[in-house]
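Remember, predicted model here, so these are calculated numbers, not experimental data. Quick note on labels: first sequence line is chain A, next is B, and so on, each numbered from 1.
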Protein chains: 2
Amino acid sequence: MRIFGIDPGSIRTGYGCVEAGGSRHVLVTCGAIAAPAGSSFAERLHVIHETLSRVLRETSPDCVAIENLFHARNVRSALQLGHARGVAMLAAVQAGVPIVEYTPAEIKLAVVGYGRADKVQVQHMVKLLLGLTALPKPFDASDALAAALCHSHSGTAALARRSTRSLPRHLKNWRDYRPATAGRQAP
Amino acid sequence: MRIFGIDPGSIRTGYGCVEAGGSRHVLVTCGAIAAPAGSSFAERLHVIHETLSRVLRETSPDCVAIENLFHARNVRSALQLGHARGVAMLAAVQAGVPIVEYTPAEIKLAVVGYGRADKVQVQHMVKLLLGLTALPKPFDASDALAAALCHSHSGTAALARRSTRSLPRHLKNWRDYRPATAGRQAP
């Protein structure tokens, strides 16, 4: 089963596709879409829609997993985020791919085993789960891959528990993990 | 010059196209897009985008005027509204039509002469300005036409002043106009 994750954002929209076969997951592609500097807001939306439509055509996934948001810093940022999420959902509907939605807490719980994990923790777990040799960057891409992995394992915390075996021995679980950048990244 | 106005909304999106020649305005088309009952949110966005793209192709306007929003009841409604506005803007960019944005207050000021006018006042002024025999309905359509008329007369209150000559004699200006439904509609 091929799952396509999207992390929508008006500045940068992350995407990532994984192939899920049993308990194994293989990275198909991932990246982040950023419109050229100086683009108008409408042009940015156009770039998001066009790129997602192209990648969806190329990867032909079985379903699209997208973050379901209920909160934003303020009404203005919610409006902007809504625009980007709207064109992302449109690209999926036009590609004829069913859409599943997960809250950020559900995604973090499924992937890290902790609903309030930060982006660095998510990024490290995505690397482990996909057996990558380097961290998937930027955060938009790793968040999108996390959404895809969440759908593959939705409802189970087993994923996170199993994978923490690969963690450095001094870390009992991801709650203990505090990256150097935590001050800037943590909620 | 042909101006296409859009009043985006996740439940119903209004649109209206006017032909502006000097001080005269002629209605080309107007309406509201509502997805069939029971549609998912993603399908609603698809219907909005598809219908707007079709009407933009049929009317081939010179520019699209759309409400610029900074406020919403709450973050959740801002997010939903953002989705609809995003796919509406996308339809305009894909049609190659430049987009202009006006705040609700700018639109009301230009069309009614009063920045806090209610939807019924806007609807009546749109009817007068376009010389229609009936009120343009629903409100989504009249609001979209108002956005188009605003662009045609942006920056002038002359429009509203001139048109109030057609008002019933006992009304000095639109501030005096209080429709029966004012209790429900007024800010």
Side-chain angles (χ1 to χ4, degrees), chain A residues 4 6 8-11 13 33 35-36 39-54 56 61 63-104, chain B residues 4 6-11 13 33 35-36 39-54 56 63-104:
Chain A
F4 194 96
I6 303 178
S10 60
I11 305 294
T13 287
I33 306 161
S39 313
S40 71
F41 186 58
E43 284 162 356
R44 290 214 304 265
L45 296 176
H46 193 208
V47 170
I48 293 170
H49 179 265
E50 218 170 34
T51 313
L52 280 182
S53 298
R54 180 176 51 76
L56 283 166
C63 103
V64 165
I66 188 166
E67 258 192 27
N68 195 358
L69 295 154
F70 299 105
H71 302 289
R73 247 177 308 142
N74 51 49
V75 163
R76 196 186 162 87
S77 65
L79 266 166
Q80 289 212 330
L81 190 55
H83 283 67
R85 200 171 177 274
V87 298
M89 286 178 87
L90 182 71
V93 188
Q94 288 176 329
V97 188
I99 299 171
V100 283
E101 302 181 64
Y102 294 98
T103 64
Chain B
F4 194 96
I6 303 178
D7 176 42
S10 59
I11 305 293
T13 287
I33 306 162
S39 314
S40 71
F41 187 58
E43 284 163 355
R44 291 215 304 265
L45 296 177
H46 194 208
V47 170
I48 293 170
H49 178 264
E50 219 171 31
T51 313
L52 280 182
S53 298
R54 180 177 51 75
L56 282 166
C63 105
V64 164
I66 188 167
E67 257 194 26
N68 194 359
L69 295 154
F70 300 104
H71 303 288
R73 246 177 311 142
N74 52 50
V75 163
R76 198 186 161 85
S77 65
L79 266 166
Q80 290 213 329
L81 190 56
H83 283 68
R85 198 171 180 274
V87 298
M89 285 178 87
L90 183 70
V93 187
Q94 287 177 329
V97 188
I99 300 170
V100 283
E101 302 180 64
Y102 293 97
T103 64

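- Only the side chain of A:I99 comes within contact range of chain B, with at least one heavy atom under 4.5 Å from a heavy atom of that chain.
- Atoms OH and CG, from A:Y102 and A:L69 in turn, are 15.0 Å apart once rounded to the nearest 0.5 Å.
- Residue with the most contacts toward chain A among B:R85, B:E43, B:M89: B:R85 (heavy-atom pairs, distance under 4.5 Å).
- Between chain A and the residues B:V87, B:V93, B:L90, the largest count of heavy-atom pairs under 4.5 Å involves B:L90.
- Only the side chain of A:H49 comes within contact range of chain B, with at least one heavy atom under 4.5 Å from a heavy atom of that chain.
- Contact detail for B:G9 and B:L81: the closest heavy-atom pair is CA-CD1, 3.8 Å.
- You'll find the side chain of B:T51 stays beyond 4.5 Å of the side chain of B:T13, heavy atoms only.
- Rounding to the nearest 0.5 angstrom, the gap separating the CD1 atom in B:I48 from the CD1 atom in B:I33 is 6.5 Å.
- Contact count against chain A (heavy-atom pairs under 4.5 Å) is highest for B:H83 among B:E50, B:H83, B:Q94.
- A distance of 8.0 Å separates CG in B:L79 from CG in A:L79, rounded to the nearest 0.5 Å.
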